[in-house]
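Comments concern the structure below.
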Amino acid sequence: MKGTSLTTNPIGVHALVFAGDTSADSVRRAVAKTAETGFDLLEFSLHDSLNMDVVETRRQLAAAGLGVACSRGLAFDADVSSADPAVVEKGAQLLAGSLRVTHELGGTHLTGALYSALGKYGAPLSTAGRANVVQVLADLAAEASKLGMTLGLEICNRYETNVINTAHDALRLADDIGADNVTIHLDTYHMNIEEDDLVRPVYEVGDRLGYVHIGENHRGYLGAGHLDFGAFFHALADVGYTGPITFESFSSAVLAPGLTGDLAIWRNLWDDGEDLARHARSFIANQLAASAPR
Ligand code: MN
């Protein structure tokens, strides 16, 4: 068979599959389980990064041979999409701190809802709020560039943000930010809610795609829901995407203070994160192999 060369996409897993916080014990568990289940990269949510021993975490990641990426959303009282300068400033400070932590961990990707709180807004994004997003992220991108880092704009569904719900929205926002190191982050869970299908957005984003989250429509076991992952992986291959592909799944079995509520994780979709992760690693690797050009 042609096209049997190993894929260059790093395959990642979200730390919430294994642990809900970034205490020493949780980090140790997440790093060990990520390596044991065969992933290349561990994604940390920085929602409680103040608890993280960054130097020790970096040492453990390196010892396990793992890459790292970081993600986060903001909060309603620290929100760069606000029209209130004090609220915007608090959001900008969270982002600056998260960029620093990501760099100190050895990561080059900071992604997520960097542009707003994670939660349901009761009104559309204001013109002033959008201008604040553009200004803050342009400044953050300039800082990131000095560190050789990339920002991701993760497109989230309407119940989690009012800033960008589709690939089209995200591309317009990135155009306005106007920095080469601001990339688009697609997540199949959110795409299922907002996009026409799982293919058109991949083609529309094309070489501006910088990060991918793979999640089922209910955020449980891959293949247990109705998403057309075959079509999505074919589209990724068509546009030549070689960046990280990270499995994201949440269950009430692993609770993260704050984040679990923001993401509305009320259901127990699995109990055994290790079994879930092994299954996801295999599922993603199989999809990549099946969609490789040949
Ligand atoms: Mn996601």
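Remember, it's 1-based here, ligands and their atoms both numbered in the order they're listed.
Geometry at the Mn ion (ligand 1): OE2/Glu154 and OE1/Glu248 form an angle of 180°, nearest 10 degrees.
Asn268 contributes no side-chain N or O that, together with a main-chain N or O of Ser252, makes up a donor-acceptor pair within less than 3.5 Å.
Asp187 has its closest N, O or S atom to the Mn ion (ligand 1) at the position named OD2.
When each of Ser49, Ser26, Ser45 is paired with Asp21, the side-chain hydrogen bond (donor to acceptor under 3.5 Å, both in side chains) condition holds for Ser26 and for no other.
Judged by a 6.0 Å distance limit and a 45° cone about the ring axis, Arg219 is positioned over the six-membered ring of Tyr189.
Taking the six-membered ring for Trp and the full ring otherwise, Phe283 and Phe229 have centroids separated by under 6.0 Å.
The Mn ion (ligand 1) has an N, O or S atom of His213 closer than 2.8 Å.
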